[in-house]
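The figures here come from the full heavy-atom set of this structure, side chains too, leaving out hydrogens, waters and symmetry mates.
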Amino acid sequence: MPQYRACCRIGSAIAISFADVIPQARLPRKAGRLPCQAPGFGISRCGSPQKHETMMRLTRYFLPVLKENPAEAQIVSHRYMLRAGMIKQQAAGIYSWLPMGYRVLRRIEQIVHEEQQRAGHVPLLMPTLQPADLWRESGRYDDYGQEMLRIRDRHERDMLYGPTNEEMITDIFRAHVESYKALPLTLYHIQWKFRDEIRPRFGVMRGREFLMKDGYNFDIDKEAALHAYNRHMVSYLRTYERMGLTAIPMRAASGPIGGDNTHEFLVLAATGESEVFYDDRVTALKLGQREINYDDRAEVAGVCAEFTRLYARTDETHDVAAFEAVPEAHRKAGRGIEVGQIFYFGTKYSEPMGATVVTPDGARVPVHMGSHGIGVSRLLGAIIEASHDDKGIIWPEGVTPFPVGIVNLKQGDAATDAACEGLYAGLRARGLEPLYDDRDERAGAKFATMDLIGLPWRITVGPRGLAAGKVELTSRRTGESEEMSPEAAVARIAQIYEGR
RNA sequence: CGGGGCGUAGCGCAGUCUGGUAGCGCGACGGUUUUGGGUACCGUAGGUCGUGAGUUCGAAUCUCGCCGCCCCGACCA
């Protein structure tokens, strides 16, 4: 993908080597209709070794960890993101993404791109600032209220920082699509949005500026549009699963976007903002490795039926009578974090904005649309809420900023230094990029840092084990350790990440 | 936007009531020590006390205004 290479000059060592933590995607082509290419963002996804590669060593990295809890953070994900040096607040609900947070953000973004393109959806990029006139066409300029950040440029033109993109994508569509032959079409982008929340809180979970994937389908009729809706549901299930999350689709209320068909995806967590009621057997449903043909309407609808058959609703649509029908042993109430939502809204935007196509028999009809969002930046918080302990974050392998950490217990000792560098090189040769803690710190301090930042695996290298030719491989999640040769450790890590 | 709270060193806080020119812990830096779970000791650096005005011989401290942030509520991916 040479076209993405050019972007790499933004980054020095960090941006370039970040590329390689993301293994080449292995996407089955049968379902997708386009080659799967994710936009670059300065990330080369090519597998070939880079020149001038820099080892990710902690003494040369930027990881401002905090030993104590910042006073402003109330919930665990916010506390850990601050303590693990992932984010820094710049204003209420607005954050800088420090290197560690940025890596995870990009990793999540990457998974979203891959799964969208696997489903046949086409990436593009729309601006953050939009002209108000587009929103006057749909009538939402007045409807949206104070949540929309309105800006005036030097020529006194009304602009806004987009909270969503239905109007703009409809404008793009109507400018370029005239025929039913161009359908079905789903365009999506991952872009920063702004909603001027009255009270931002919980760190990136409820920021004012947030990164969101939003996709829009254009179809000839309602049936085709509902297939797009189902396709999104399945692709979202797969997306969340790859991130190590159990996100349950729940029937939702439509809100300001409009439409009858809508589901929200919720991750169960005590700190969630939504009250949820569900049959707990939904949490056992998994997509797993099954192959899905996204063009097969019946197959996709079948998967949706499987995942929505059991009762699962938010308080907005809660139906007490239906809930009572769930066997008592499986009846659960709790809280959830909303990490995505899909809508079918028909011709709500295409009609007033004149987004029409000509049918085979020469008629001109408005297209049927839906929109589909994933809260990308919010997912960082949701994942941490769902995966942590009292020592810190526990990253699922799918989204971890580094696959493994190497801890050198005796920095400066020729044998341990050499063993660590050997491990590093061995892992790099397998396409994995470890984080090497080469600081001159006590073992306890190094372990505490590793636990806090939550890499799923740790290789500990000390003189004691090395005397017997062994290093120690430890799982962050279980805490279990196993002694083995460095070569075996490399092989084990490579095996764990194979296919990711 | 209504209600409450807080702004003092990078982080967590004391000092404010009762005005006298700023302190503790962690962190950082330099040593000694230690070396498989945030070691111990010695030393060093670091502060427009959010901001503006006022009262006073003198303001972190009292008065008024402004700004920012946090919490509860209503609102939201």
Atom pair distance, as rounded to whole Å: [atom1] in [X] and [atom2] in [N]:
{"X": "A:Ile94", "N": "B:C69", "atom1": "CD1", "atom2": "P", "value": "9 Å"}
{"X": "A:Asp438", "N": "B:U35", "atom1": "CG", "atom2": "P", "value": "22 Å"}
{"X": "A:Glu147", "N": "B:C1", "atom1": "CD", "atom2": "C1'", "value": "14 Å"}
{"X": "A:Asp437", "N": "B:G36", "atom1": "CG", "atom2": "C1'", "value": "14 Å"}
{"X": "A:Gln74", "N": "B:G12", "atom1": "CD", "atom2": "P", "value": "12 Å"}
{"X": "A:Arg208", "N": "B:G68", "atom1": "CZ", "atom2": "C1'", "value": "12 Å"}
{"X": "A:Arg201", "N": "B:C72", "atom1": "CZ", "atom2": "C1'", "value": "8 Å"}
{"X": "A:Ile337", "N": "B:C76", "atom1": "CD1", "atom2": "P", "value": "18 Å"}

Quick one: are [X] and [Y] in side-chain contact, heavy atoms under 4.5 Å?
{"X": "A:Arg140", "Y": "A:Thr164", "result": "yes"}
{"X": "A:Ile374", "Y": "A:Tyr240", "result": "yes"}
{"X": "A:Lys286", "Y": "A:Glu241", "result": "yes"}

Do side-chain atoms of A:Arg195 reach the backbone of A:Met148 as a donor and acceptor pair under 3.5 angstrom?
no
Could you go through nucleotides 24-26 of chain B and list every protein N or O atom that sits under 3.5 Å from one of its N or O atoms, giving the distance for each pair?
from	atom 1	to	atom 2	distance (Å)
B:G25	N2	A:Glu68	OE1	2.7

What's touching nucleotides 29-34 of chain B from the protein side, N or O pairs under 3.5 Å?
from	atom 1	to	atom 2	distance (Å)
B:U34	O2'	A:Arg442	NH1	3.2
B:U34	O2	A:Arg442	NH1	3.0

With respect to the side chain of A:Ala443, which nucleotide from B:C76, B:G36, B:G12 is positioned closest?
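The answer is B:G36, which lies nearest to the side chain.
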Closest to side chain of A:Glu197, choosing from B:G12, B:C76, B:G37
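Closest nucleotide to the A:Glu197 side chain: B:C76.
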Upstream residue (5' side of RNA chain B) when A:Glu209 and A:Ala91 are each assigned their closest nucleotide
A:Ala91
Identify, between A:Pro200 and A:Gly375, the residue whose nearest nucleotide on RNA chain B lies closer to the 5' end.
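Of the two residues, A:Pro200 wins.
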Return the orientation label for the A:His318 and A:Phe277 ring planes: parallel under 30°, perpendicular over 60°, tilted otherwise.
parallel
If the plane angle is over 60° it's perpendicular, under 30° parallel, otherwise tilted; pick one for A:His232 and A:His372.
parallel
Touch class at under 4.0 angstrom, heavy-atom based, for [X] against every strand present:
{"X": "A:Glu264", "answer": "nothing"}
{"X": "A:Ser377", "answer": "nothing"}
{"X": "A:Gly465", "answer": "base"}

Could you identify the nucleotide paired to [N], looking across every strand shown and requiring Watson-Crick or G-U wobble geometry with both distances under 3.5 Å?
{"N": "B:G30", "answer": "B:C42"}
{"N": "B:U48", "answer": "none"}
{"N": "B:A74", "answer": "none"}
{"N": "B:G68", "answer": "B:C6"}
{"N": "B:C62", "answer": "B:G54"}
{"N": "B:A22", "answer": "none"}

Report yes if at least one side-chain N or O of A:Gln411 is closer than 4.0 Å to OP1 or OP2 of B:U35; otherwise report no.
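Answer no for this pair, as no side-chain N or O of A:Gln411 is under 4.0 Å from OP1 or OP2.
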Counting just side-chain N and O atoms, does A:Arg206 come under 4.0 Å of either OP1 or OP2 of B:C76?
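No.
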Hey, what do you get for CE (A:Met86) to CZ (A:Arg103), rounding to the nearest 0.5 Å?
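Separation between the atoms: 11.5 Å.
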If you count every heavy atom of other residues, nucleotides or ligands that lies below 6.0 Å from A:Gln146 atom CD, does the total exceed 12?
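12 or below, so no.
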Inspect the surroundings of CZ in A:Arg439 and state if more than 12 heavy atoms from other residues, nucleotides or ligands are less than 6.0 Å away.
yes
Any N or O donor-acceptor pair under 3.5 Å from the base of B:G37 to the side chain of A:Arg458?
yes
Check whether the side chain of A:Asp451 and the base of B:G37 form a donor-acceptor pair under 3.5 Å.
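For A:Asp451, whose side chain was compared with the base of B:G37, there is a donor-acceptor pair (under 3.5 Å).
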Under a 4.0 Å threshold between the charged nitrogen and the carboxylate oxygen, would A:Glu115 count as salt-bridged to A:Arg242?
yes
